[in-house]
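Notes to accompany the following structure.
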Protein chains: 2
Amino acid sequence: MRTPDISIEECTYSHVLEIVSNKWTALVIYSLENGTVRYGEMMGRIKGISQKMLTQTLRQLERDGLVGRKVTPVVPPIVEYTLTPLGETLIPCMRMLNVWATDHFPHVKKAREEYDIGETSGTIA
Amino acid sequence: MRTPDISIEECTYSHVLEIVSNKWTALVIYSLENGTVRYGEMMGRIKGISQKMLTQTLRQLERDGLVGRKVTPVVPPIVEYTLTPLGETLIPCMRMLNVWATDHFPHVKKAREEYDIGETSGTIA
DNA sequence: CTCCTTACGCACTTCAAGGTTCGTAACCGA
DNA sequence: TCGGTTACGAACCTTGAAGTGCGTAAGGAG
């Protein structure tokens with residue numbers, strides 16, 4: 001009764017996750033942090049991403065207004081991507097998560113290992 | 001050549017997402033923000049969650065060392081969950097994302113609508 | 001005339017997250 | 001004896017995210 005019910009729809013936090021929780025989104029934003037990058041160059045920078053996933057991720061970010069897309073209709077084509085001002089506002093948030101991870105992720109890893117040990121051996125005795 | 005390649009493994013940011021990007025994780029953490037909560041009470045607070053998903057989410061958070069679990073073996077059983085100190089360190093991060101969402105999500109929504117209009121009608125002409 | 005390039009789109013497949021339902025221990029009150 | 005309670009576990013199904021591979025335009029180099 002004290003605290004009201006929580007739902008996903010009214011939780012703004014969940015909305016942010018919708019935007020940035022995709023597998024490659026963070027890496028794409030990172031690669032744009034220092035300015036405009038061409039499609040092909042991004043492919044080279046982000047290890048392991050496929051053409052399809054890069055395109056798909058960029059389309060989504062473009063749709064959300066976080067990155068801008070500039071096409072130069074020459075042959076072969078030149079397509080350049082840049083963070084929009086809106087997109088740049090995400091950087092501090094991501095940095096904060098980054099700091100948290102650097103500070104606390106080892107702790108999490110340790111907790112996991114201990115938990116898993118307790119799971120496998122502890123239940124027997 | 002200027003910036004080195006980025007990969008998911010070395011991106012700490014991606015590790016945090018592993019932890020908190022699950023659908024219900026944020027809501028569960030929120031519900032624990034003001035202190036210890038029993039299992040059944042959480043069910044009532046988090047709208048739409050099923051028993052399975054609540055248990056599953058709590059197990060994961062417990063494994064990651066973010067929430068503590070205390071069982072009182074009476075009948076019917078009493079199980080209480082609490083944020084650990086480590087779990088509490090996540091709150092500021094989540095708040096920041098929350099602020100970002102409140103400030104910028106309307107902008108994102110607008111961008112989406114405009115993009116979708118351009119998609120459906122613009123290509124024809 | 002043919003191949004090479006860039007930046008895609010499209011079709012197909014795989015896999016894991018999430019959701020639904022049912023069963024369970026153990027005691028207490030009626 | 002029997003239903004009610006709490007906090008689960010296990011089996012099953014669905015859906016969507018992610019991965020793989022192929023096709024393509026348009027012109028310039030050879």
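Small disclaimer: the values here were computed from a predicted structure and weren't measured. Worth knowing before you read on, the calculation uses all heavy atoms, side chains too, and leaves out hydrogens, waters and symmetry mates. In the text below, chain A, chain B and the rest are named by the order of the sequence lines, each starting its count at 1.
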**OP:** By nearest nucleotide on DNA chain C, pick out whichever of A:Gln51 and B:Gly48 is the more 5' one.
**Re:** A:Gln51
Can you name the atoms? Protein N/O to nucleotides 2-5 of chain C N/O, anything below 3.5 Å, with the distance.
none

Check this one for me: any side-chain N or O of [X] less than 4.0 Å away from OP1 or OP2 of [N]?
{"X": "B:Tyr39", "N": "D:dT5", "result": "no"}
{"X": "A:Arg38", "N": "C:dT6", "result": "no"}
{"X": "B:Trp24", "N": "C:dA17", "result": "no"}
{"X": "B:Lys23", "N": "C:dG19", "result": "yes"}

Original post:
Of all of residues 56-73 of chain B, which get a heavy atom below 4.0 angstrom from DNA chain C, listed by number?
Top reply: none
Measure from the side-chain N and O atoms of [X] to the backbone N and O of [Y], and report whether any donor-acceptor pair falls under 3.5 Å.
{"X": "A:Thr25", "Y": "A:Ser21", "answer": "no"}
{"X": "A:Tyr39", "Y": "A:Gln51", "answer": "yes"}
{"X": "B:Thr84", "Y": "B:Gly65", "answer": "yes"}

Original post:
Which part of the nucleic acid, if any, lies within contact of A:Ser50, taking any heavy atom under 4.0 Å across all strands shown: a base, the sugar-phosphate backbone alone, or nothing?
Top reply: base
Subject >> Residues A:Glu62, A:Arg59: salt bridge by 4.0 Å N-O rule >> reply: yes
**OP:** With side chain to side chain contact (heavy atoms under 4.5 Å, CB included) as the test, would you mind laying out the steps for B:Asn98 and A:Tyr13 before giving the verdict?
**Re:** CA-CA 5 Å; B:Asn98 229 303; A:Tyr13 175 82; 3.9 Å; yes
Original post:
Should the ring pair A:Phe105 and B:His15 be called parallel, tilted or perpendicular, given that the plane angle runs from 0 to 90° and is split at 30 and 60?
Top reply: parallel
Original post:
Where do B:Gln60 and B:Leu66 land on the side chain to side chain contact (heavy atoms under 4.5 Å, CB included) test, with the steps shown first?
Top reply: CA-CA 9 Å; B:Gln60 258 188 84; B:Leu66 302 175; over 6 Å; no
